[in-house]
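Report on the following structure.
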Amino acid sequence: MTDSLQLSLAELQSRTVPVLVPMPASRPYSYAVPDDMDVQPGSIVQVPLGPRQVAGVVWDGETDSVDPGKLRPITEVFDCPPITPDMRRFVDWVAGYTLSPPGMVARMVLRVPAAFDPEPPTQGLRLGDRRPERMTAARSRVIEMAEDGMSWSRSGLAHAAGVSMSVVDGLIRQDIFETVLIPPRPVVPPPDPEYGQTDLSDEQKQAAQQLVAQLGADGSSVSLVDGVTGSGKTEVYFEAVAEAIRRGRQVLILLPEIALTSAFLERFEDRFGCRPAEWHSDVPPRMREKVWRQTTNGNIRVVAGARSSLFLPFCDLGLIVVDEEHDAAYKQEDRVFYNARDMAVVRGHLGSFPVVLASATPSVESRVNADAGKYQGIHLPERFGGAAMPDLGLIDMRRAPPARGGFLSPVLLSEIGKTIEREEQALLFLNRRGYAPLTLCRVCGHRFECPDCSAWLVEHRFRGQLQCHHCGRTEKTPEACPECGTLDHLVACGPGVERIAEEVDRHFPDARTIVLSSDMMGGVRRLRLELEAIAKGEADIVVGTQLVAKGHNFPLMTLVGIVDADLGLSSGDPRAAERTFQLLSQVTGRAGRTGRHSRGLLQTYQPMHPVMQAIVSGDREAFYEREIDERERASLPPFGRLAALIISANERATAENHARGLRQAAPRTRDIAVLGPAEAPLSLIRGRHRFRLLAHGKKQSDIQSFVAKMIENGPKQRGSVRVQIDIDPQSFM
Ligand code: ADP
Ligand code: ZN
């Protein structure tokens, strides 16, 4: 081959690029770059894919040596900052770790296609030289307002002048204004790190300094802020946020229930003079576009968001805070199965910046890492301002049982009475939505079950519905039993929050009782209002599910009653004890945050259970020690590795056969064992039959390669069969 021929081949090569498209493709596809087009790795482009046009990202590396003449060309490059190199490496890393197609991870980054084009400027009005022929009082107010020479929006000007829009429109028609283009406004002003500084206690100061020091050091690090509820973890990590802002870096604060944490947003505003940008499923589409766009162009400095905000295309991310790092809401179990807490640590590592994890009840995994010195452990063992922790006690339900048909022990009822007499608030916690978890016919014993899921239908009496909590199917509660036709003989079995509220109403008819659960009517807006009302003391008794456990500050809440402390302990989940401990500590931590004497009472039939003992003795260290010890002996995470495969199909036998085939395809190694297939505890969801396999390996084992080989060598996926891979599973249902 002659020199000149080689040169032209190289030239041809440089005109093709790999593009990652948001599809379940295992690798980027090759595209030709038109001569007049300028692209670089990270550029967001539009490409043809089959008959469609899709958005993708120009990826790193070489394309296969194909003739660009044979490739389809890129259609368009969006006028959008390119996805940064560390974000691209993050996408590849997450794909490799979770065994997901990289395209599906990229899809999480490219979720807002409307934001790839720059935000259009809005039209503004500026006063010109002409004046109206006929002057009115309203008109002169408008002109007076506009005489400042600034550009105004139509509605803004009408509002400022205190006139109706038609007055402004009348002036527009007379060419009184010049139209000017106003650049898109930032969704939030820049936060001011010196705005509302808090006087930290010595202990808090020291903790804050330890975090701030990490921002000064070049490179990645992880700190675990482990402090009891009310110790000031938020105040402390705000100092790290302030330092990152001073250094001109962007910050991401991950929160488990962002939709509900208006209290958090207000505290942020008190400290930084403005709210952070929000990112979660309740942000309206237009706002999402703005937030996505302004995260990538750097107009937004701080985002507070749910787990999916980890995939926002920050241009200069310099700190991630994961609040309530132990929370199960960080785990996504859909398409790409990932834990946002763990992936945040990876993101920090790839981007060479610090990550702060905060919790009053850290996960065992994070505790072990802190104990081993892999994470910087920062402790805040006391509540701020000397506020006492609530007195915690157990109610032995065998000795002080509730009255017939009730669920609240006389001991708890009497405490509620005393609390509301003092004009303080009581919280009753039960992690069960609806009225009753099971409904049956007293005459024939018929149980209401979801036809598509292996689950009982849950009665929601306030709405007159029976609902499946797995697929969302609802039906009207019938008057007659569908089996035997008897009228009015349906009975509710077991309690949900609605039923507890009913019991409370019977005992305290004059008290103001509020039920809070994630499925209440009116959605998030209503919930936020209710939470604010509670904080202001506009309720006496609150009956709530999990969502009251998180981050709210109710100053008058001095009694927390746990209706069924045993509820989470019975599942076959290896984290059941940890989860129960975390949830109960979190809920009882709601009490007495402002110095009043407060109590937490746990109704249990197992008062001697180690979880109950750990909570009431206040000896959380002993609990962690024991829990860590048990995990180590059983080689469970973080001392071993787990990966689950969930195999589902329309027919039971098809799912089971496929699962068996996968199991047979498992490589033989002494380091990793495969358990199952076993029928999943939730054996039917939305009409799909489910089986599970669990790979359990030693700590150093390469569980990803192992699972990948099972899939590769296992039976071909046909028909309705679907296989989901869950590395580090949290749920075993
Ligand atoms: P945590 O996140 O550990 O539960 P918070 O940061 O929410 O604790 O603090 C608990 C309460 O104490 C909040 O109302 C907070 O405003 C207050 N607080 C904590 N530290 C200080 C401080 N140094 N000065 C004033 N108030 C503080
Ligand atoms: Zn269902």
Side-chain angles (χ1 to χ4, degrees), residues 86-87 89-100 102 104-105 108-109 214 220-226 237 252-256 258 305-312 314 317 319-359 361-377 573-575 578-579 582 628 631 636-644 694-697 699-705 707 724-732:
D86 56 337
M87 191 63 193
R89 280 192 295 156
F90 181 58
V91 168
D92 281 333
W93 202 97
V94 172
Y97 190 84
T98 61
L99 291 176
S100 312
M104 291 307 276
V105 183
M108 299 195 286
V109 180
Q214 299 300 319
S220 63
S221 65
V222 185
S223 305
L224 175 65
V225 183
D226 175 355
Y237 75 62
L252 170 62
I253 303 173
L254 290 174
L255 300 166
I258 177 77
R307 59 178 186 237
S308 60
S309 43
L310 202 50
F311 293 92
L312 279 172
F314 289 93
L317 190 57
L319 173 68
I320 302 179
V321 176
V322 187
D323 202 352
E324 313 278 12
E325 65 88 29
H326 63 277
D327 202 290
Y330 285 125
K331 184 66 192 274
Q332 166 156 307
E333 285 161 351
D334 179 31
R335 287 205 176 92
V336 179
F337 286 54
Y338 69 91
N339 185 322
R341 187 248 338 243
D342 298 341
M343 295 306 113
V345 169
V346 172
R347 181 81 178 83
H349 186 73
L350 295 175
S352 296
F353 59 76
V355 174
V356 175
L357 312 178
S359 175
T361 50
S363 62
V364 165
E365 282 85 348
S366 297
R367 266 296 297 255
V368 170
N369 281 328
D371 293 349
K374 272 172 75 181
Y375 294 176
Q376 171 179 235
D573 182 340
R575 290 191 183 81
E578 179 189 341
R579 291 251 177 270
Q582 286 162 341
I628 290 171
R631 293 267 187 101
L636 286 169
F639 303 100
R641 307 216 48 205
L642 293 176
L694 187 68
H696 181 188
K699 191 178 165 141
Q700 305 305 342
S701 58
D702 183 352
I703 209 147
Q704 277 88 355
S705 300
V707 172
Q724 294 172 306
I725 301 170
D726 186 358
I727 305 290
D728 307 330
Q730 299 265 345
S731 160
F732 297 84

Listed partners of [X] passing side chain to side chain donor-acceptor pair (under 3.5 Å), at least two apart:
{"X": "Y237", "value": "D323"}
{"X": "S221", "value": "Q214"}
{"X": "S705", "value": "D702"}
{"X": "N339", "value": "none"}

The ring pair (Phe, Tyr, Trp, His ring centres under 6.0 Å) partners of F90 (sequence neighbours excluded) come to F311
Sorted by chain and number, sequence neighbours left out, ring pair (Phe, Tyr, Trp, His ring centres under 6.0 Å) with F337 holds for none
Value for CG (L317) from CE (M87), rounded to nearest 0.5 Å, stands at 9.0 Å
Check whether any side-chain heavy atom of [X] lies under 4.5 Å from a side-chain heavy atom of [Y], and answer yes or no.
{"X": "Y338", "Y": "V105", "result": "no"}
{"X": "Q332", "Y": "M343", "result": "no"}
{"X": "V322", "Y": "V356", "result": "no"}
{"X": "V707", "Y": "I725", "result": "yes"}
{"X": "N369", "Y": "L224", "result": "no"}

Between T361 and Q582, do the side chains contain a donor N or O and an acceptor N or O under 3.5 Å apart? no
Q) With no hydrogens and no angle check, do the side chains of D92 and Y97 hold a donor and an acceptor under 3.5 Å apart? A) no
Closest non-hydrogen atom pair, [X] against [Y]:
{"X": "K331", "Y": "Q730", "result": "CG-CG, 3.7 Å"}
{"X": "P256", "Y": "D327", "result": "CB-CG, 3.6 Å"}
{"X": "A340", "Y": "R307", "result": "CB-CB, 3.4 Å"}
{"X": "P102", "Y": "V91", "result": "O-CG1, 3.9 Å"}
{"X": "L694", "Y": "P729", "result": "CD1-CG, 4.3 Å"}

Residue set satisfying side chain to side chain contact (heavy atoms under 4.5 Å, CB included) with A328, at least two apart, ordered chain then number -> R579
Applying side chain to side chain contact (heavy atoms under 4.5 Å, CB included) to P637 and not counting sequence neighbours gives E365, R575, L642
Output side-chain donor-acceptor pairs under 3.5 Å for residues 344-353, partner residues at least two apart or in another chain, one line each.
residue, atom, partner, partner atom, Å
R347, NH1, D86, OD2, 3.3
H349, ND1, S220, OG, 3.4

Quick note, salt bridge (Lys or Arg N to Asp or Glu O under 4.0 Å) partners involving residues 333-345, not counting sequence neighbours, are E325-R341
By salt bridge (Lys or Arg N to Asp or Glu O under 4.0 Å), D371 pairs with (sequence neighbours left out) R367
message = Please evaluate residues D226 and S359 with respect to the criterion side-chain contact (heavy atoms from CB on, under 4.5 Å), reporting the C-alpha separation (whole Å), side-chain torsions for both, the decisive distance (0.1 Å), and the verdict.
response = CA-CA 5 Å; D226 175 355; S359 175; over 6 Å; no
- Could you please spell out the steps behind the side-chain contact (heavy atoms from CB on, under 4.5 Å) verdict for R631 and E578? CA-CA 11 Å; R631 293 267 187 101; E578 179 189 341; 2.3 Å; yes
Q) For the side chain of T98 and the backbone of V94, is there at least one donor-acceptor N/O pair under 3.5 Å apart? A) yes
TODO: Check whether more than 12 heavy atoms from other residues, nucleotides or ligands sit under 6.0 Å from atom NZ of K374, and answer yes or no.
DONE: no
Practice problem: Could you walk me through whether I320 and L310 pass the side-chain contact (heavy atoms from CB on, under 4.5 Å) test, one step at a time? | Solution: CA-CA 9 Å; I320 302 179; L310 202 50; 3.9 Å; yes
Which of I253, L255, L254 passes side-chain contact (heavy atoms from CB on, under 4.5 Å) with S309? Answer is L254
side-chain contact (heavy atoms from CB on, under 4.5 Å) between Y375 and S223, intermediate numbers included:
CA-CA 5 Å; Y375 294 176; S223 305; over 6 Å; no
